[in-house]
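Down below is the structure, laid out as structure tokens.
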Amino acid sequence: MTTDSAPVSNFLRTIIDNDLKSGRYQDRHWATPPGTAAARRAGPIDPARIRTRFPPEPNGYLHIGHAKSICLNFGLANDYQGICHLRFDDTNPEKEEDEYVQAIIDMVRWLGFDWTHDGTEHQYFASDYFETLYQFAEALVQAGHAYVDEQSADEMRATRGTLTEPGTHSPWRDRPVAESLALLREMRAGKHPNGRMALRARIDMASPNINLRDPVLYRIRHATHHRTGDAWCIYPMYTWAHPVEDALEGITHSICTLEFEDQRPFYDWILQRLAELGQLAEPLPHQYEFARLNLSYVVTSKRKLRQLVTEGHVNGWDDPRLPTLAGLRRRGYTPGAIRLFCERLGVSKADSRIDYSVLEQALRDDLDPSAARAVAVLDPVKLVITNFPEGQVEPCSAPLNPHAPEAGQRQFPLTRELWIERDDFREEPPKKYFRLFPGNLVRLKYGYVVRCTGCVKNEAGAVTEVHCEYLPDTRSGTPGADSVKVKGAITWVSVAHAVAAEVRLYDRLFREAHPDRGDQDFLQALNPDSCHVVQAWLEPGTQAVPGTTWQFERLGYFVADREDSSADHPVINRAVTLRDTWA
Ligand code: ATP
Ligand code: MG
């Protein structure tokens, strides 16, 4: 693990270094908008040394796994004077919506990345290429590389063969080109119902790689698309659209997760056929695979996230317990923390699971140097300084941030009655307990040393007040401060001056590290105590402007909730405790 800002090498960097050295991509042309070989050749030499892309499907909200891909693709482009495209892979009309497009744009921007270079916004949609893809499909049919198959989906599955047995040819595989072409046109024109026929590539039904056994290119789907409306009733399969999108956009390094490794031969096959037919410009993009992020104590499949939201196990896509980027942001995660986390993960080809504590530590490390400090009391009990004059207000001060003396000091008053944490007093202290108990000396941070003199209890035996006396010469920052040695220091806020706030103490959403392990129902691993709401007291002057983060001394990092917090009713989320306390 490293926190250096110099990028750590990885296998992708090695590949890019070699490609740049060999000049593999230096003669590429670029066209705006992206296009076929002819369009690209007419454009100038590509000013970008490499091109990568982040290709989300707009069918849900981005999560921490996507952040890894975003940081990787945009990060490599930045480091190598390249350009990273934001491309919406919207080839599935039923599941995609504009709402998701906007949410994805917001989150990639929030992470700190940008896709506008020299005035060109490199934001693309797979649906913008529907016509080009269709023209390419006709070219493939005419060249004998594709045919219209009238088998049903079930028949296609049954004739595909197995890992050990080859598939069998469709009876339509060798139909005349003109017949396939006519049927493809009828498919496009809406003459046939869903599933009646499909366009398949003609490759090799005996290939040991099942993905090469005549994969489907187009299926019929009478459905309304979020951008193209009802213009189309055939939609390209992802595996066919994706390589073509990459090639049209002049992507050099197409980086995806490992589960697409077996698709790479088809990726290459389709691009080579289209290049031979003069449709796509060379050099062609190349696909590289890396291990996806698996994070403990969360689920990141969009389907499962959707289930958590729609069944009401959490309060929306931005619930601070979710690993969605919207949820992490609301929880108090910063873009810097997420980028640092991704940087520390590195890039590898070996699947692994990252412990949630690694993400939490990145947040602490990002916030520690910059977050303003303040005092909060989350589980308050009253402390009365019995020898402190009633009505006296003594100003105290503390650094806004001990790492940044130039940020200055914050001021707050000490008075006779203070709120302290209930846990900072014990009538009968356990071993090594150095805070308040009868007879013990403790420092009120930034104030005086006090001697605990006892407590008041109610009929039920619960402590309602703790009593103490202060030692007048021991004020912090005065020569007498060190005259009395104490082993404990506690935080406090003046009862008369404290700001009331609702504080939401979040814990992990799941009790198990692998909630969706195997076939188990991930819902049964939900942590029933993942959110505790407390009424807390904050240091006077704390302004809970939505999105503000603090370190509450001794407690952790907190953020004013983006949705629910207001001046009249501060609502504050605990982002992370100061230390890893998960047992
Ligand atoms: P899900 O399986 O949750 O639905 P997805 O992979 O289908 O996610 P896409 O919108 O297609 O979601 O993903 C966009 C990009 O983000 C893809 O390039 C994908 O490889 C990458 N990505 C998704 N999840 C992860 C992950 N856990 N780790 C790294 N990259 C990921
Ligand atoms: Mg996907």
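Order of appearance sets the numbers: ligands from 1, and atoms from 1 within every ligand.
- Contact analysis leaves Phe260 out of contact with ligand 1, as no non-hydrogen atom separation drops below 4.0 angstrom.
- No more than 12 heavy atoms of other residues, nucleotides or ligands lie within 6.0 Å of CG in Leu163, so this atom counts as exposed by the packing criterion.
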Check: When you look at His532 and Tyr506, which way does the ring pair (Phe, Tyr, Trp, His ring centres under 6.0 Å) test go after all the steps?
Finding: CA-CA 6 Å; His532 275 285; Tyr506 291 107; over 10 Å; no
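- Contact annotation: His63 has at least one heavy atom less than 4.0 Å from an atom of ligand 1.
- The ligand atoms of ligand 1 that sit less than 4.0 angstrom from a heavy atom of Pro56 are 10 (O), 14 (C).
- Here Asn209 pairs with Asn211 under the side chain to side chain donor-acceptor pair (under 3.5 Å) rule; sequence neighbours left out.
- Between Tyr61 and His63, the gap from one ring centroid to the other reaches at least 6.0 Å.
- When each atom of ligand 1 is checked for a heavy atom of Thr300 under 4.0 Å away, the hits are 3 (O).
- Those atoms of ligand 1 with a heavy atom of Thr257 less than 4.0 angstrom away are 20 (O), 29 (C), 30 (N), 31 (C).
- Considering backbone and side-chain N/O of His66, one or more are found under 3.5 Å from N/O of ligand 1.
- When only interatomic distances are considered, the shortest N/O to N/O separation between Ser301 and ligand 1 does not fall below 3.5 Å.
- Close N/O approach between Leu293 and ligand 1 is found [any backbone or side-chain N/O within under 3.5 Å].
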Just list the side-chain donor-acceptor pairs under 3.5 Å for residues 102-115, sequence neighbours left out, or say none.
residue : atom : partner : partner atom : Å
Asp114  : OD1  : Thr116  : N            : 3.3
Trp115  : NE1  : Gln123  : OE1          : 3.1

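- Taking CG of Leu133 as the reference point, atom CD of Glu131 lies at 9.5 Å (rounded to 0.5 Å).
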